[in-house]
Amino acid sequence: MSFAPLLEAAPAIPLHAFAAMGAFVLGLVQFSAPKGTLPHRTIGWIWVVLMVVVAASSFWIHQIRLFFAGALVVAGLFTLVPGRIMHRVIFGA
């Protein structure tokens with residue numbers, strides 16, 4: 001594994017990737033941490049900031065436009081899995 005291709009990319013791409021990785025790790029920590037404590041709330045706010053960075057930095061990533069459409073299609077298909085609300089909306093009960 002090498003981070004070289006990521007670090008050689010346009011600045012928005014490593015920012016986006018590292019913020020997403022950080023948010024993923026903190027999200028895992030949050031699920032196992034006791035809720036309502038000061039560390040839990042602090043990590044939660046850091047997670048929110050990281051997700052804002054992920055979302056904002058995506059506006060400057062122009063190299064992989066297909067990823068945007070693919071992500072929407074894949075996420076959209078997962079909402080249609082039987083038992084999900086959107087499945088009932090489109091296909092009925």
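Numbers here simply count residues along the sequence, with the first being 1.
Surrounding CD1 of I85 are at most 12 heavy atoms belonging to other residues, nucleotides or ligands under 6.0 Å away.
Pairs passing the side-chain hydrogen bond (donor to acceptor under 3.5 Å, both in side chains) check and including a residue from residues 80-92, sequence neighbours excluded, do not occur. Among pairs with a residue in residues 3-46, those fulfilling ring-ring contact (aromatic ring centres under 6.0 Å, His included) read F3-F18, at least two apart in sequence or across chains. Listed by first and then second residue, the side-chain hydrogen bond (donor to acceptor under 3.5 Å, both in side chains) pairs involving residues 5-14 amount to none (not counting sequence neighbours).
Both V48 and M51 sit in one connected hydrophobic cluster of ILVMFWY residues. Membership requires side-chain heavy atoms under 4.5 Å apart, directly or through other members.
Annotation for W60: hydrophobic cluster partners, listed by chain and number, are F59 (ILVMFWY side-chain heavy atoms under 4.5 Å, direct or chained). Listed by chain and number, the hydrophobic cluster partners of L38 come to none, as no ILVMFWY side chain reaches under 4.5 Å of it.
Considering all non-hydrogen atoms of both residues, G36 and R41 come closest at O-NH1, 2.5 Å. Scanning both residues, V53 and A19, for their nearest heavy atoms gives CG1-CB, 3.7 Å. The shortest heavy-atom contact between V54 and A20 is CG2-N, 3.3 Å.
Applying the side-chain contact (heavy atoms from CB on, under 4.5 Å) rule to A56 yields no partners; only residues at least two apart in sequence or on another chain are considered. In terms of the side-chain contact (heavy atoms from CB on, under 4.5 Å) criterion, residue partners of L26 (sequence neighbours excluded) are, by chain and number, I43, I46, W47, L50.
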Show the atom names and distances, to 0.1 Å, of all donor-acceptor pairs under 3.5 Å that link a side chain in residues 75-82 to residues at least two apart or in another chain.
{"residue": "T79", "atom": "OG1", "partner": "G76", "partner atom": "O", "Å": "2.5"}

